[in-house]
Amino acid sequence: MKIDIATSKTWNSHGAGDERDFKSIGEGVIIEPGARVFLAQFIEIGDNVYIGHDSIIKGYYDNRFVIGNGTWIGPQCFMYASAGIEIGLHVGIGPKVVIVNSQHDIGDVSMPILHAPLKHAPVVIGDGVDIGCSAIILPGVTIGAGAQIGAGSVVTKDVAAYTIVAGTPARVLRERG
């Protein structure tokens, strides 16, 4: 496939990710060394939040990225709030979890997927959710309060409150309690 360089996108750097001028930030917040924060002015962090080493947290213009009180975000996570991310209270997010809001619209086969337009949808994570290591949460997903996401799962659709899901794609294993 031949790509016309003249019409391809221009790539801009988002900077070093060393921003710390948040829209709001609570007390007792720990952001470990190596964690990178982009567009912090669109990120709201509650009290007693932990963000692990080497995580990448990206706000986005005109969208909310909210991290609720008591939330723990493990090392090497990647979160990009291009359509908004709302993380509830006391959420546990394991190492290497990915939460994204966009995906390429692959309907037009005449262009490379990389250059296809993006579709955006918000992600909402309820209070008390636990997300296992290396899970991936895709655009438009809402995870209900108290749900548990198994390690390595790919969550492609909403998860009901107090439900345990796992797999690729994630499927319901059982309800909690």
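Along the sequence shown, residues are numbered consecutively beginning with 1. What you see is a predicted model; the values in this text were computed from it and never measured. Only heavy atoms go into these numbers, but all of them, side chains included; no hydrogens, no water, no symmetry mates.
Residues Val159 and Val129 have side chains not in contact (no heavy-atom distance under 4.5 Å, counting atoms from C-beta outward). Annotation: side chain of His53 is in contact with side chain of Pro33 (closest heavy-atom distance under 4.5 Å). Residues Lys96 and Cys133 have side chains not in contact (no heavy-atom distance under 4.5 Å, counting atoms from C-beta outward). Residues Phe22 and Ile67 are not in side-chain contact: their nearest non-hydrogen atoms beyond the backbone lie 4.5 Å or more apart. Residues His104 and Leu118 are in side-chain contact: their nearest non-hydrogen atoms beyond the backbone lie under 4.5 Å apart. Residues Ile131 and Ile125 are in side-chain contact: their nearest non-hydrogen atoms beyond the backbone lie under 4.5 Å apart. By the 4.5 Å heavy-atom criterion applied to side chains, Leu138 and Val100 are counted as neighbours. Phe65 has its side chain within reach of Ile57: a pair of non-hydrogen atoms, C-beta onward, lies under 4.5 Å apart.
Between Met111 and Ala116, the shortest heavy-atom distance links the atoms SD-CA, 3.2 Å. Considering every non-hydrogen atom in both Asp105 and Lys119, the closest pair reads CB-CG, 4.0 Å. Nearest heavy atom pair, residue Gly74 against residue Ser55, reads O-OG, 2.9 Å. The two residues Ala135 and Ile149 make their nearest non-hydrogen contact at CB-CG2, 4.1 Å. When all heavy atoms of Cys77 and Ile93 are compared, the pair lying nearest together is SG-CG2, 4.0 Å. The shortest non-hydrogen separation linking Asn101 to Tyr80 is OD1-O, 3.1 Å.
Summarising the geometry, atom OH belonging to Tyr50 is positioned 10.5 Å from atom CD1 belonging to Ile73; distances are rounded to the nearest 0.5 Å. Once rounded to the nearest 0.5 Å, the distance linking CH2 of Trp72 with CG of Asp130 reads 10.0 Å. Note that the NE2 atom of His90 and the OG1 atom of Thr71 stand 7.5 Å from one another [nearest 0.5 Å]. Atom OG in Ser110 sits 12.0 Å away from atom NE2 in His115 (nearest 0.5 Å). Atom CG of Asp54 and atom CD of Gln76 lie 5.5 Å apart (nearest 0.5 Å). Arg64 contributes atom CZ, which lies 12.5 Å from atom CD1 of Ile43 (distance to the nearest 0.5 angstrom).
Under the rule for a side-chain contact (heavy atoms from CB on, under 4.5 Å), the partners of Asn63 that lie at least two apart in sequence or sit in another chain are Tyr60.
Asp21 places no side-chain N or O within 3.5 Å of a backbone atom of Gln41 that could act as its donor or acceptor partner. Side chain of Asn48 to main chain of Asn69: no donor-acceptor pair is present (N/O by atom type, distance under 3.5 Å, no hydrogens or angles). Distance alone, capped at 3.5 Å, places no donor-acceptor pair between the Ser102 side chain and the Pro139 backbone. A donor-acceptor pair is defined here as one N or O able to donate and one able to accept, closer than 3.5 Å; no such pair exists between the side chain of Asp127 and the backbone of Ala145. Under the 3.5 Å distance criterion, the side-chain polar atoms of Ser153 are matched with a main-chain donor or acceptor of Gly167.
Two different hydrophobic clusters hold Ile137 and Val66 under the rule that ILVMFWY side chains link at heavy-atom gaps under 4.5 Å. Under the 4.5 Å side-chain heavy-atom criterion for grouping Ile, Leu, Val, Met, Phe, Trp and Tyr, Val98 is connected to Val154 within one hydrophobic cluster. Residues Val172 and Tyr162 do not share a hydrophobic cluster, defined by chaining ILVMFWY side chains whose heavy atoms lie under 4.5 Å apart.
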(request) In sequence, state the C-alpha distance, the side-chain angles, and the governing distance for Ile51 and Val37, and then conclude on side chain to side chain contact (heavy atoms under 4.5 Å, CB included). (result) CA-CA 10 Å; Ile51 299 174; Val37 178; 5.8 Å; no
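Among the candidates Ile164, Ile143, Leu173, the single residue satisfying the side chain to side chain contact (heavy atoms under 4.5 Å, CB included) test with Gln148 is Ile164.
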